[in-house]
Amino acid sequence: MHRFTTETDAIAQAVVGYALDRIKMDPPPLDGPATLEELRAAAGETITADGIGGEEALRVFADVLAPATLSTDHPRNWAFVPAAPTEASVLFDLVVGASSIIGSTWIDGAGAIYAENQAIRWLLDLAGFPGSSGGVFVSGGSAGNLSALVTARDRAMRERQAAGRERPARWTLAATEDAHSSVWSAAKVMDVDVLAVPTDERARLTGEALENTLQQRAGDLDGLFAVVATGGTTNAGIVDDLEGVRWVAQRRGLWLHVDGAYGGAALAAPSARALFTGIEHADSVVIDPHKLLFAPFDCAALLYRDPLVAARAHMQEAAYLDEVTELENWNPSHYAYHLTRRVRGLPFWFSLATHGTAAYRDAVEAVLQLTREAADEIRGRDGLELLEEPEISVVLFKRDGWGEDRYLTWCDELLDTHTAFALPTTWHGEKVMRFCFVNPVTTIEDVRVVLDTM
Ligand SMILES: *Cc1c(COP(=O)(O)O)cnc(C)c1O
């Protein structure tokens, strides 16, 4: 099993050949889910005492399993937040897999961590963070949000201790109902209350609403330690009033976390940068390169204004505290809730190094431009109504007379015919259609073809 034999060589050709063929597909097949019964019938039992052999396992994957997975990189996959990894990033993911690097500590992964940190630095600079800031790649926005909020609470706890104050009866964070589900989930994991701040008519958190809520709830704020703002909501692609929120957070000494898992990539686009004014004052930011920055799963960047605060919260061995204060000993394991870590930022780094940041700026702009064209297309069609002017790359719209069932039937037809994958969402209490674009290969013609079937 651990020696490269002539038999391994044959499997190697087949596996690498399969991977290359998949990477070269343009477009890849959209594919779609199968039922458990269908998979059982077609794939059968694959784990046996003697093994079925690499050739057969690859055949089962290629013929049965892969077609039962949706291609998130298909140019007409617009459900949830899809993906569009560059060729370079996907190819380099093969290298990462081949290299057995553990990205936890500098002593293990120095070279890889050096490269990852350069990619992180590009993101820190886009956010306008200072030279002393730093970050780490984690598995996703969920892991990033949780780790950032744990850091925020740890800072609040230490400040209270230093001031000789007791722990609060309950810790609390402020967020809106439109904050991503992972923020609410993080609060649950941390057993922290959420102070829900009402949003404006575009479902945005504003500084004013935050301040009003904090004044109304003045008696419940003893354990309030953080505010979560969203830099591009998943549902509607709308950016909160970061500048207004940051003033409130600053005045009240609250940690400001900006969840830019989906939309933070738009920092790279000059046409959208102004939406994010104020993000430079955040304490932490999450941006998922596996969403709108063209990296393969799974890759999220967790950015800290002051990484030392994160190290105090997350370091698993206090004896290393001295080392983390030195840049030579940047240990990624210290900045989030994890220890073993794939160097998942390397595919993103390789592609960024290969193509340069200007190509990323242009690719993100292309997606934003496509979204504006899609909005115009919808506006121009009889029977369709555009619901919001898009800010990043989500369009929300409705079809006259359609309700939830009709949208779902239409979406099923699109998937069954391998035309597209999209799903409705809820907006102001109503079922509407939602397209989320992340793929620079998607064209307005793709959008027209799909709208024509409505
Ligand atoms: C996708 C998303 C998340 C969760 O990120 P994962 O990478 O799926 O864990 C968090 N926040 C926002 C705004 C998102 O769009």
Side-chain angles (χ1 to χ4, degrees), residues 70 72-73 77-85 89 123 127 135-150 152 173 175-190 194 199 202-205 226-242 245 256-267 272 275-276 279 282 284-303 336-338 341-342 344-345 347-348 364 367-368 371 390-396 423 425-427 434-439:
L70 270 157
T72 49
D73 55 340
N77 189 330
W78 306 327
F80 310 112
V81 180
S89 67
L123 297 173
V136 61
F137 288 106
V138 296
S139 65
S142 307
N145 286 337
L146 175 63
S147 294
L149 291 170
V150 166
L173 64 86
T176 73
E177 299 280 355
D178 288 78
H180 189 263
S181 50
S182 60
V183 171
W184 290 78
S185 174
K188 205 153 71 172
V189 171
M190 294 166 71
V194 180
T199 54
R202 302 198 74 202
R204 293 187 328 151
L205 169 66
V227 181
V228 180
T230 308
T233 54
T234 318
N235 201 28
I238 285 171
V239 182
D240 285 343
D241 166 27
L242 301 180
V245 169
L256 173 58
H257 175 64
V258 177
D259 178 3
Y262 151 65
L267 287 166
L275 293 169
F276 292 88
I279 198 172
S284 52
V285 174
V286 164
I287 301 173
D288 283 8
H290 69 211
K291 285 182 171 169
L292 194 41
L293 281 178
F294 323 120
F297 303 121
D298 45 15
C299 182
L302 169 56
L303 313 177
Y337 179 69
H338 58 196
R341 193 183 68 93
R342 179 179 174 87
R344 53 169 60 87
F348 173 55
V364 176
V367 174
L368 303 195
T371 309
E391 286 191 348
I392 302 193
S393 68
V394 173
V395 286
L396 296 178
L423 287 171
T425 187
T426 303
W427 184 245
R434 170 181 178 276
F435 291 165
C436 179
F437 303 111
V438 300
N439 198 331

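The basis for the numbers below is simple: all heavy atoms, side chains too, and nothing from hydrogens, waters or symmetry mates. We count ligands from 1, going down the list as the structure has it; atoms in each ligand are counted the same way.
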Note: ligand 1 atoms sitting under 4.0 Å from heavy atoms of S142 are 4 (C), 5 (O), 6 (P), 9 (O)

Heavy-atom nearest neighbour in the protein, as seen from atom 1 (C) of ligand 1, with distance rounded to 0.1 Å: K291 NZ, 1.3 Å

Is there at least one pair of N or O atoms, one from D259 and one from ligand 1, spaced under 3.5 Å apart? yes

For Y262, take its heavy atoms, then give the atoms of ligand 1 lying under 4.0 Å from any of them. 15 (O)

Could you tell me if the side chain of L123 sits less than 4.5 Å from the side chain of L293, heavy atoms only? yes

Take R204 and T199 through the side-chain contact (heavy atoms from CB on, under 4.5 Å) test and state the conclusion after the steps. CA-CA 5 Å; R204 293 187 328 151; T199 54; 5.6 Å; no

Separation of D298 CG from H290 NE2 (nearest 0.5 Å): 7.0 Å

Flag T234 as yes when one of its N or O atoms lies below 3.5 Å from any N or O atom of ligand 1, and as no otherwise. yes

Which one of V367, I287, N439 satisfies the side-chain contact (heavy atoms from CB on, under 4.5 Å) criterion with L292? V367

Subset of ligand 1 atoms that lie under 4.0 Å from at least one heavy atom of H290: 7 (O)

Between W78 and F437, what is the ring plane arrangement, given parallel below 30°, perpendicular above 60°, and tilted in between? perpendicular

Heavy-atom check, side chain of L205 versus side chain of D241, under 4.5 Å: no

Once you restrict to heavy atoms under 4.0 Å, what part of D298 touches ligand 1? Side chain, backbone, both or neither. neither

Closest protein heavy atom to atom 4 (C) of ligand 1, given as residue, atom name and distance to 0.1 Å: H180 CE1, 3.4 Å

Taking atom OG of S139 and atom CZ of R341, what is their separation to the nearest 0.5 Å? 11.0 Å

Taking all non-hydrogen atoms of both residues into account, name the closest pair between I238 and W427 and its distance. CD1-CH2, 4.3 Å

Does any N/O atom on A261 come nearer than 3.5 Å to any N/O atom on ligand 1? no

Is the closest heavy-atom distance from S182 to ligand 1 below 4.0 Å? yes

Evaluating non-hydrogen atoms only, which member of G232, C299, G141 is closest to atom 5 (O) of ligand 1? G141

List ligand 1 atoms under 4.0 Å from D288, heavy atoms only on the residue side. 5 (O), 6 (P), 7 (O)

